[in-house]
Amino acid sequence: MAERRIAFRLNGREVSCTVRDHETLAAMLRDRFQLYSVRESCAQGLCGCCTVIVDGLAVSGCLYLAPLVDGKSVETVEGLGEEGRLDPVQTAFIEHGAFQCGFCTPGMVLMSHQLLQENPQPDQEAIAHYLSGNLCRCATYPEIVEAVRAAAQGSHVAKEEKSHG
Amino acid sequence: MNAFELVRPTRLEEALEVLSEDPETVRPFGGGTALMLLMRSRLLQPRRLVSLDRVSGLDRLDLDGEGNLRVGSMVRLRDLELSATVERFCPAISRALLTLSNVRVRNVATVGGHLAHGDPHMDLPPILLALGASVVAQGPAGPRQIPLDQLYLGYYATSLQPGELITELVIPPLPEGTRGSYLKATALSADDWPMAGVAAFFRLEQGRIVEPRIAVSAATTTPVRLPAVEAALAGEAPSEALFSEAGRLAGRDLHCLSDLRGSAAYKREVVRVYVRRALQQVWAGR
């Protein structure tokens, strides 16, 4: 069985491991790095539960071959925020109760984080559109949209305060 | 998924050489979003995959000297979506991409893979067919240009020869004033593959429709142009009655497949309505 040694940056840390050529990114992150926030659910790229950021772009870990992250930067929800301090999106999800069972939450948080990187002030339509590939079977969509709006507002205020010194 | 070997060449010649070994079990891999689904369901069990992600020269996205939009086969669908060049060239393409699968898939899926897959449920082929686009393919016999109406032979069947790869998409410039629209109907959920897709383009000269182009996909086994509908529109003044008649003609003779997304009769009815709506949109300038 073909396998290879790969090296990449994982949540800000240089790591290396041996992967099988046909291993998915989601399987590698769970089995070899114990990053259980990467959750394979539909295995078709539709539900967003296995969302991973590769070189700054959101991908579905279930449809991405692990060997292809060699030399790249990989982020999961574990890498968001800083030690002891959550990312504003995470805080907003907690404050707005934007989850029920929590299964979809890591993917939702990562996609929301990506959205705000691309579009710091999204309106409701932009949020719904960007997150349309993430499914929440508890249907907490209204709370999720509210949380993303709040996170956008929060980071907006924080940036302004910073720029005014 | 079966075990396979992944090869990552950096030059096109190298990729073509590996692919020519055994085109049955050695397959090209663009973004992989479609291939991964086929492999995970064991419909495809390759021995080797040739990833094109490191092959240089497949990422152009610009206008050539003759005004053709040229898109390298490894350009990601999201890059096409966000490109100001594409938006200026044909806004209907940019708009269609917004509803193509989801952001994660568009971040990874490539233009070449989207076109070579031969799945009739793809969003860009009907638009590109209406625009008279073609692809450049490279293979053991050298490069050749294939017009889109000769690329799709049947359900998941293309005229690409064994060992041949799409390297570029070429879209000729639209005549000044041409406007277009792409509409799709989904049956199982809002973000499902389309059960019918309709692309419509025309321009007006002295109040008359010039060069109407209508293409349908997803409801049919391959994307198809509808010459009879185009003939009925050409030279006429746009009106609600004309668009209704065009829709009726489009639905009347279309050969559709019955499947889990709807019966053939239902799809013909959806095409009837969507051709009318697409034409209305073009007329309204949206």
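Numbers restart at 1 for each chain; the letters A, B, ... are given by sequence-line order, proteins then strands. Only heavy atoms go into these numbers, but all of them, side chains included; no hydrogens, no water, no symmetry mates.
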TODO: Not counting sequence neighbours, list each pair that qualifies as a side-chain hydrogen bond (donor to acceptor under 3.5 Å, both in side chains) and has a residue in residues 15-24 of chain B.
DONE: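 Every pair satisfying side-chain hydrogen bond (donor to acceptor under 3.5 Å, both in side chains) with a residue in residues 15-24 of chain B: B/Glu21-B/Arg48, B/Asp22-B/Thr25.
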- [ ] Pull out the residues in residues 16-27 of chain A that come under 4.5 Å of chain B, heavy atom to heavy atom, sorted by number.
- [x]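 Counting heavy atoms that sit under 4.5 Å from chain B, the residues of residues 16-27 of chain A involved are A/Asp21, A/His22, A/Thr24.
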Task: For chain B, which residues of residues 39-46 of chain A have heavy atoms nearer than 4.5 angstrom - done: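 The list, in residue order, reads A/Glu40, A/Ala43, A/Gln44, A/Gly45, A/Leu46.
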Do [X] and [Y] come within less than 4.5 Å of each other through their side chains, counting heavy atoms only?
X        : Y        : value
A/Leu110 : B/Arg104 : no
B/Val103 : A/His129 : no
B/Met36  : A/Ser60  : no
B/Leu6   : A/Leu65  : yes

- [ ] Check each atom of A/Asp70 against the heavy atoms of chain B and say whether the ones under 4.5 Å are side chain, backbone, both or neither.
- [x]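 Contact with chain B is through both the backbone and side chain of A/Asp70.
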Task: B/Leu98, part contacting chain A, at a heavy-atom distance under 4.5 Å - done: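 Contact with chain A is through both the backbone and side chain of B/Leu98.
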Open item on the list: Heavy-atom cut-off 4.5 Å, strictly under: side chain, backbone, both or neither for B/Arg54 against chain A?
Closed with: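 Answer is side chain: those atoms of B/Arg54 sit under 4.5 Å from chain A.
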Open item on the list: How about CD on A/Glu14, more than 12 heavy atoms from neighbouring residues, nucleotides or ligands closer than 6.0 Å, or not?
Closed with: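 Counting neighbours around CD of A/Glu14, more than 12 heavy atoms of other residues, nucleotides or ligands fall under 6.0 Å, so yes.
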Open item on the list: Counting neighbours of CZ on A/Arg5 that are heavy atoms of other residues, nucleotides or ligands and sit closer than 6.0 Å, is the number greater than 12?
Closed with: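 Above 12, so yes.
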Open item on the list: Once ring-ring contact (aromatic ring centres under 6.0 Å, His included) is applied, what residue pairs with a partner in residues 89-119 of chain A remain, sequence neighbours excluded?
Closed with: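 Sorted pair list comes back empty.
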Open item on the list: If we ignore hydrogens and angles and just use 3.5 Å, is the side chain of B/Asn107 paired with the main-chain N or O of A/Leu57 as donor and acceptor?
Closed with: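 No; zero donor-acceptor contacts below 3.5 Å.
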Open item on the list: For a side chain to side chain contact (heavy atoms under 4.5 Å, CB included) check, start with the C-alpha distance between B/Val108 and A/Leu63, then their side-chain angles and the critical distance, and finish with the verdict.
Closed with: CA-CA 9 Å; B/Val108 175; A/Leu63 296 185; over 6 Å; no
- [ ] Tell me, out of B/Arg40, B/Glu5, B/Met39, who's got the most heavy-atom pairs with chain A below 4.5 Å.
- [x]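 Heavy-atom pairs under 4.5 Å are most numerous for B/Arg40.
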Task: Top contributor to chain A interface from B/Arg8, B/Arg76, B/Met1 [non-hydrogen pairs under 4.5 Å] - done: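 Of the candidates given, the most pairs with chain A belong to B/Arg8.
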Task: From B/Asn102 atom CG to A/Leu131 atom CG, the distance as rounded to the nearest 0.5 Å - done: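 That separation rounds to 10.5 Å.
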